[in-house]
Each structure stands twice: as C-alpha cells, then as structure tokens.
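A short worksheet on the structure shown next.
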Amino acid sequence: MDTIKGYIEHIIFRNKENGYTVLNLLTQEEEITCVGFFQTMDQGETIEASGEYTTHQIYGKQFKIERYTIVPPGDEESVERYLASGAVKGVGQALAKRIVKAFGEDTYRIIEEEPERLAEVKGISLKKAREIAASLYEKRDARDALTFLQGYGIGNTLALRIYETYGMGLYGVMRENPYRLAEDVSGIGFRIADEIAAKVGIHTDSDYRIRSGLLYTLQQAGAEGHCYLPAEKLLTRAEELLGVEAALMEPQLANLAMDKKLVIKTAPAQPVSESAQSPLAPERRVYASSFYYAELACAGMLHDLNIREELLPAEEEALLKKIGVLEEDLGIALDELQRRSVLESIRNGVFILSGGPGTGKTTTINAIIRYFLSQGMDILLAAPTGRAAKRMTEATGYEARTIHRLLELSGAAALEGKTARFERNEENPLEADVVIVDEMSMVDIFLFQSLLKAVSVGTRLILVGDVNQLPSVGPGQVLHDLIESGAFETMVLKKIFRQAQESDIVLNAHRIYAGEELVMDNKSRDFFFLERNDTDVIYKHMLQLILEKLPRYVDATPFDIQVLTPMRKGKLGVETLNGILQRYLNPPDPSKRECQVGDALFREGDKVMQIKNNYQLVWEVVSRYNIPIDSGMGIFNGDIGIVRSIDEYAREVVVEFDEHRRVTYPYAGLEELELAYAVTIHKSQGSEYPAVIMPLLTGPHMLFNRNLLYTGVTRAKSCVTILGSRATISAMIANNSENLRYTGFADQLRTMRTDVT
C-alpha cells in the first residue's frame with residue numbers, strides 16, 4: 001500500500017448520496033487524480049492518504065484512497081490556501097490573506113483556541129469571529145465522529161447517516177444502546193447493531209439486545225408476509241437469533257407492549273393449512289404495533305364503506321332489465337353469475353369479484369363500468385403495478401393507474417428522510433363515485449390501508465382478483481382474508497367461456513387449481529412440456545427457445561420472453577439462471593459499458609428488476625430531444641426496466657422502467673436492483689408475458705406447490721413451456737400445502753361485523 005501527502009486543489013466530482021469523490025491532489029512532486037468515498041474532505045485541505053495506484057480504461061492513472069487523515073496546515077501559505085478555498089464558511093480570499101497576515105503560522109491555533117482574537121482583523125466583528133470558529137469546529141466534529149465510528153468497522157456512508165441522525169449525541173448512543181441504530185438509522189438493521197454492540201462490550205443478555213432482537217424477529221416475519229407471530233414461534237425464532245432463553249425474553253415482551261412497540265392479543269390459533277381444522281386452544285398473537293393497527297384500521301374503514309342498498313323485488317327486476325339493455329348495447333351475453341355480479345356491485349358499498357383465467361372477469365368489469373357511466377358517475381380504475389394497470393387499460397378502454405399514482409405519492413417527505421406519504425387521504429379523498437381495483441391478490445395490508453384512507457364513505461369500492469394466485473410480496477393476504485371473512489358480498493366466477501376453452505393455458509390452469517393432472521402431449525398450440533432431467537440440457541433448450549424458436553412463434557423479442565422459477569438458489573434458481581442468460585442475451589461488447597458492484601455485474605442493455613419499494617427515487621420521462629416532459633417519485637418492488645447507460649466517472653447507472661420512466665442510480669443504490677432475465681414466480685405477480693418458460697426439476701416441498709404452479713402458468717399470454725420432470729409437476733399439483741400467513745385481518749373483519757350486529 002502506497003502513501004501520499006498533498007493539498008486538495010480541486011474536487012472534480014462528488015456523489016452526495018454515497019460520498020464517492022474524484023479530486024486533484026497536489027503533492028510536492030506531481031498532480032494526482034484521487035478517488036474514494038469521503039464526504040468531509042474539502043478543497044484547500046492537506047491530507048495524508050494510503051491506498052494504491054490503478055489505471056482506469058478511460059481516465060488513466062488514479063490513486064484509490066483506502067484511508068486518510070487531515071493534516072492541519074503547518075505554514076502560512078498552507079493556512080491561507082485552506083482558508084481561501086471556501087472550506088471555512090464566511091472566509092474568502094481577501095479575508096484569508098488579512099487573517100494570515102495578522103497571525104502568521106499561529107493562525108490555525110488561534111481560530112481553534114482563541115477565536116475572539118479574529119475580531120482584531122479589519123472587517124471581522126466578534127459575531128463573525130465566532131461564526132468562523134463554529135464552522136471550523138463543525139468540520140472537526142464531523143471528522144472526529146466519522147473516525148470514531150470507523151473504529152467500529154462502520155463504513156463512510158453509514159457513519160454519515162449516524163452523524164446526521166444524532167450529531168454529537170452519537171457517542172452516548174454508541175456507549176449506552178447501539179441497538180437504537182437499528183430503529184433510527186436507515187440501512188442499519190439488527191445484525192449490524194449487534195456487531196457494534198459486541199465491540200462496545202454490551203452483554204448478550206442485555207435488555208436492549210433482547211428488545212431489539214424481538215423487534216427484528218417480527219420485522220423478518222413481516223418480510224415473509226406475516227402480520228403477527230404466535231408468541232411461542234416468536235420466542236423460538238428469537239432464541240435461535242439471540243442465544244438467550246425464552247424465559248429471559250418474556251419480561252421484554254411485556255415491556256415492549258407497555259411502550260406500544262408491540263400489541264399482544266389472545267385469539268383462537270390459526271390453522272397450519274387450508275385443510276386443517278382450527279384448534280380451539282387460544283394463542284398469543286404478537287404484532288408489531290403498525291401491523292395490528294393497519295389491520296384494525298382497514299376493518300373499520302371497510303365497515304363504514306359497506307353500505308348495502310336493500311332492494312324491493314320490483315326494484316331488483318328493474319335493475320336486471322337495465323343490465324339486459326346494457327348487454328344488448330355492448331353486444332355481449334352475461335351468464336347468471338356475471339349478471340348477478342353487476343347487480344351486487346350496484347347495491348353494495350364494497351363488492352369483491354374473483355375468478356380464474358377465462359371466467360369472464362374482464363367482461364364483467366366492463367359491464368360494471370358501462371353501467372355506472374350510464375348513470376353519470378365518476379369512475380377511477382387502479383392496479384398495484386404499472387404492468388397490471390396497463391393491462392387493465394387495454395382490457396377496459398379506460399385509463400387505469402397504479403395505486404401509488406392514483407393516491408398521488410408525495411416525494412417531498414421522502415426526500416427529507418421522513419416516511420413517504422400520499423396526497424390523497426382522509427383529508428383529501430379521491431373524487432370518484434366508484435373505485436375499481438384489479439389484481440387485489442398483490443395488495444398488501446399497508447397499501448390497502450393507504451387506499452382506504454382516500455375512499456370516502458358513499459363511494460363504491462369494487463375489488464377484483466384471483467384469490468388462487470400467490471399472496472402479495474408485502475405483509476398480509478388481503479384478498480384471501482376479505483373473502484374468507486364472509487363480511488362482504490363476493491362473487492366467484494367459475495364458468496370457462498368458449499373462447500377461453502380454446503386456450504390450453506386457461507384449461508391447464510383450472511386443472512392445476514382442481515388438483516387434476518395436466519394434458520402434456522404437446523399437441524397444444526400454447527402449452528408445451530419438454531421432459532428434461534439434466535440441468536445443462538435445460539440450459540441449452542432454454543436458450544434455444546428464447547433466442548430462436550419463441551420470438552417468431554409469439555411475435556415478440558427475446559427480452560419479452562420471461563423465465564420463471566420457484567427458487568433463488570440452486571442450478572435452476574434465479575441467481576444462476578440470470579448469469580447464464582445475461583451471457584447469451586446481452587454478452588460483453590466493447591461498445592457496452594458495465595459495472596461490478598459486489599457480486600453483481602450490470603451491463604448496458606441488461607434487463608433488471610427493482611427488488612424493494614423506494615419512495616425517494618426520482619424518475620423522469622424525457623422527449624426524443626432529452627427534454628423532461630413528466631416526472632415523479634417512487635420505483636417499487638417488482639418493477640422491471642432496461643439499463644440504458646452506465647457512467648463510470650460519475651458512478652451512476654440510468655435505468656428505464658415501464659412508461660419510459662428513467663431513474664439514475666448511484667453505484668451504492670444498485671443493491672436495490674438485480675438481473676431479471678429470470679425472476680421468481682412470486683415476483684412475477686401482476687405481470688403478463690407473451691411467453692413463459694418454467695424450469696421445474698427439483699426443489700423444496702413447501703415451495704413446489706399447486707399455488708405456485710398455478711400463478712406461474714397464468715402469467716403467460718400466448719405460450720407456456722415447461723422444461724423438467726413430469727413427476728415434479730405431478731407432485732406440485734398434488735401438494736396443496738399452501739404456506740398460509742399469520743394474519744388477523746379476517747378475524748378483525750368478523751369481529752367488526754359481530755360488534756355492529
């Protein structure tokens with residue numbers, strides 16, 4: 001490792017997000033371009049840095065700084081140069097010259113130890129002298145804090161977040177309760193806080209550690225989709241995490257409940273599978289408070305919306321006649337369930353429409369829309385994702401928006417580091433008589449809560465979705481619980497219409513749902529099965545299908561064809577498949593820039609997916625002349641885009657998502673992206689692809705189930721091809737052990753209804 005010392009003449013570039021900096025350093029011998037991650041280094045400062053020389057393919061020789069220290073200016077020239085650089089607020093070139101002329105080499109010491117003496121210099125009042133000293137102290141404090149935190153193995157980016165959160169109070173937090181970091185600082189979870197606490201010397205059985213560990217365990221359960229955990233399961237998981245006996249954790253459960261961090265409720269135990277009978281023995285349900293109150297609030301708001309209009313027989317007959325006229329005008333013939341669905345959507349404040357593919361949900365929605373429009377009502381359509389909203393728009397002929405755009409997501413709060421909020425809420429509700437939301441199986445409990453806040457009493461809410469698909473990526477199983485509660489009028493369409501009967505995708509989806517064997521004789525026009533029991537052979541045929549056969553067959557590009565797999569790990573998991581598919585679909589090319597971040601390699605032209613909700617990301621839509629014509633905030637879990645450009649100098653990547661929304665990611669933000677040539681079936685929810693390829697060979701029994709296979713097959717519009725084992729497919733169809741989630745929403749809805757009646 002080399003060491004250099006010099007004066008920072010100019011900061012060429014600095015990424016405010018992660019501190020990545022490019023600067024010119026003047027040593028006694030030469031001018032050196034240096035790169036590294038640091039926020040507190042300024043022009044005019046003298047530094048001593050350790051690192052290594054590298055050669056950039058575009059920018060040539062550079063010095064990559066690993067560690068550095070600020071060297072106080074030691075002579076008059078250095079002091080004047082530093083003060084004149086603008087690093088100290090309120091001091092320019094002329095004033096710097098006068099200060100140094102007055103105090104010489106003693107200038108730096110006087111500013112630090114006797115700042116009031118600066119008032120001896122012409123043009124400096126006592127107030128200004130104090131401001132100059134305060135500016136110098138602030139920089140020194142920040143540097144000292146970062147150096148202190150780095151001593152605990154905390155990187156520059158996280159150290160800055162800690163300093164910005166606590167200021168000089170960080171020393172007390174680090175000494176007394178580092179677990180506060182997990183609650184207060186973005187990017188620091190329990191595990192990082194636990195490592196820091198161990199270095200500080202906090203005992204493994206400390207109350208702080210147990211409390212933080214319990215909250216972290218519930219947080220992880222939320223990431224798995226649960227809204228609560230039974231106390232016994234929570235304590236077992238926390239015991240494994242903390243290495244502390246459950247008996248020691250019980251008092252902290254009570255303390256967390258007293259502090260309103262947790263809510264503990266006693267209720268009948270939830271069944272472990274659809275077929276199991278619910279036991280009578282009660283269980284303690286432990287919620288993180290936000291989850292419990294989200295369920296409770298949703299139940300209350302739905303109850304208020306659910307105003308049912310009781311009709312006399314003559315009134316009902318008149319409505320059915322109007323629906324009949326509507327059918328004639330549209331040139332359609334609704335079956336009895338569809339007709340009943342239109343009627344129930346008219347008479348109920350909350351109405352749920354469900355059904356599998358080909359059962360006429362779209363036709364029914366169109367009839368509902370036309371009826372309400374004929375009555376002069378204002379209608380809003382929404383879906384959870386951009387792709388689902390686009391499909392809804394194409395199917396109905398009326399504009400549908402994502403729920404986030406419908407609710408007018410505000411980025412201002414997110415940019416200030418606060419929780420992102422929606423402009424549409426109880427104080428500023430949606431201006432509509434009817435709100436129709438499609439793909440409800442994808443909506444989690446928190447998004448549903450935000451939606452309900454914006455729907456005022458008297459507005460009809462119509463919720464549409466296929467309850468047999470996988471539940472939302474986020475916590476809860478909202479559509480499942482709404483139907484299971486029996487609290488709302490629900491129609492489930494079952495008849496497969498003649499046109500849909502011509503599709504083996506539709507017919508096989510219904511066979512899967514019914515637990516029947518698939519027709520896999522390859523006489524179909526849209527459903528194919530290739531028995532392949534060797535992963536290398538599966539790779540070969542997958543590439544052949546994507547590059548040669550399917551694009552012509554379904555009139556699409558190779559990038560439109562989606563590989564769906566149940567798993568992340570393994571030879572047929574997302575991680576392995578994406579590496580292989582990237583190599584062949586977007587191979588290395590001298591004209592394509594690329595960047596390596598950790599284990600991930602991104603290349604211009606790559607297909608990528610956002611893997612977490614980020615309300616702070618700014619997107620722009622630009623014209624052909626690169627002029628912004630629209631902008632907004634927020635990119636969400638499951639959004640797919642293309643890497644348009646990589647700027648190695650600025651260390652930024654531009655990704656274009658659906659609807660031409662362009663987002664600039666700093667390299668540090670690329671942890672939110674992953675390649676998307678192959679995605680998990682769970683992540684594919686709400687999307688529809690011209691053709692789907694599913695490699696299904698072997699995998700975990702609990703994962704390889706009927707529900708997952710059904711969801712994967714129903715993602716395809718024109719063609720499904722399964723590569724793998726016939727026995728595996730049969731086992732998946734037979735495996736109806738759907739992983740149920742711990743949610744109390746259905747119970748909340750039933751309780752609300754019982755309390756009222």
Side-chain angles (χ1 to χ4, degrees), residues 8-25 31-43 45 47 49 51-66 68 86 155-161 164 186-187 411 414-415 586 588-608 610 614 616-623 625-628 631-635 639 641-657 660-675:
I8 301 173
E9 182 192 42
H10 177 55
I11 297 212
I12 302 168
F13 170 81
R14 174 169 285 158
N15 186 316
K16 293 181 180 178
E17 190 79 20
N18 61 11
Y20 179 76
T21 304
V22 182
L23 57 86
N24 280 346
L25 190 75
E31 180 180 325
I32 303 171
T33 300
C34 298
V35 298
F37 293 87
F38 17 77
Q39 290 273 28
T40 59
M41 198 185 279
D42 288 313
Q43 287 179 184
E45 292 183 319
I47 64 167
E52 59 182 19
Y53 286 97
T54 61
T55 302
H56 192 281
Q57 59 183 4
I58 297 175
Y59 304 111
K61 183 181 177 183
Q62 296 179 337
F63 188 80
K64 185 177 180 182
I65 296 176
E66 299 293 340
Y68 72 94
N156 191 60
T157 304
L158 285 181
L160 279 165
R161 288 183 196 162
E164 288 167 1
S186 171
L415 286 174
N586 189 31
D589 188 295
S591 67
K592 292 181 179 180
R593 284 168 290 192
E594 55 186 49
C595 65
Q596 181 89 38
V597 180
D599 296 330
L601 173 67
F602 296 104
R603 185 176 295 129
E604 289 177 340
D606 271 337
K607 183 178 180 181
V608 293
Q610 175 80 10
N614 188 328
Q616 299 182 18
L617 282 176
V618 178
W619 54 260
E620 279 188 338
V621 178
V622 298
S623 70
Y625 303 108
N626 217 32
I627 298 171
S631 64
M633 302 287 294
I635 297 294
D639 285 354
I642 302 292
V643 175
R644 293 301 183 198
S645 65
I646 295 175
D647 188 330
E648 295 169 298
Y649 191 73
R651 294 177 68 84
E652 292 177 338
V653 175
V654 175
V655 177
E656 183 175 319
F657 291 94
H660 308 292
R661 296 170 299 153
R662 293 196 170 205
V663 175
T664 300
Y665 290 82
Y667 276 17
L670 293 179
E671 63 189 17
E672 296 185 4
L673 289 178
E674 67 181 21
L675 295 175

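Values below: every heavy atom of this structure, side chains too, minus hydrogens, waters and symmetry copies.
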Does Val608 offer a backbone N or O that forms a donor-acceptor pair with the side chain of Asp606 under 3.5 Å? no
Gap separating the CD atom of Glu31 from the NE2 atom of His10, nearest 0.5 angstrom: 10.0 Å
From Glu674 CD over to Asp599 CG, what is the distance, rounded to the nearest 0.5 angstrom? 12.5 Å
If you define the side chain from C-beta out and look only at heavy atoms, does anything of Thr33 sit under 4.5 Å from Lys61? no
Let me see the working for Glu671 and Val597 under side chain to side chain contact (heavy atoms under 4.5 Å, CB included), right down to the final yes or no. CA-CA 8 Å; Glu671 63 189 17; Val597 180; over 6 Å; no
State the CD-CD distance between Gln43 and Glu9, to the nearest 0.5 angstrom. 8.5 Å
From CG (Leu673) to CZ (Phe602), nearest 0.5 Å: 5.5 Å
Salt-bridge contact Arg644-Glu656 (side-chain N to carboxylate O under 4.0 Å): yes
Given side chain to side chain contact (heavy atoms under 4.5 Å, CB included), test Ile12 with Leu23 step by step and report yes or no. CA-CA 5 Å; Ile12 302 168; Leu23 57 86; 5.7 Å; no
Partners meeting ring-ring contact (aromatic ring centres under 6.0 Å, His included) with Tyr53 (sequence neighbours left out): Phe63
Atom OG of Ser623 and atom NE2 of His660: how far apart are they, to the nearest 0.5 Å? 12.0 Å
side-chain hydrogen bond (donor to acceptor under 3.5 Å, both in side chains), paired with Asn586, selected from Arg603, Glu594, Lys592: Lys592
Under the side chain to side chain contact (heavy atoms under 4.5 Å, CB included) criterion, do Val654 and Val643 qualify, and how do the steps go? CA-CA 6 Å; Val654 175; Val643 175; over 6 Å; no
Is it the case that Arg651 places NZ or CZ above or below the six-membered ring of Tyr20, under 6.0 angstrom from the centre and within 45 degrees of the axis? yes
Please assess Tyr667 against Glu648 for the test side chain to side chain contact (heavy atoms under 4.5 Å, CB included), listing each intermediate value before the final yes or no. CA-CA 9 Å; Tyr667 276 17; Glu648 295 169 298; 3.9 Å; yes
Where Cys595 and Leu670 come nearest, the two heavy atoms and their spacing: SG-CD1, 3.8 Å
Any side-chain donor-acceptor pair under 3.5 Å between Gln610 and Tyr665? yes
Qualifying residue, where the test is side chain to side chain contact (heavy atoms under 4.5 Å, CB included) with Ile65 and the options are Ile47, Val35, Leu25: Ile47
Under 4.5 Å between any side-chain heavy atoms of Ile635 and Glu672, yes or no? no
Are any of the side-chain nitrogens in Glu604 or Arg593 under 4.0 Å away from the carboxylate oxygens of its partner? yes
With rounding to the nearest 0.5 angstrom, report the CZ to OG1 distance, Arg14 to Thr21. 4.0 Å
Looking at Val663, Thr664, Val655, which hits side chain to side chain contact (heavy atoms under 4.5 Å, CB included) with Leu617? Val663
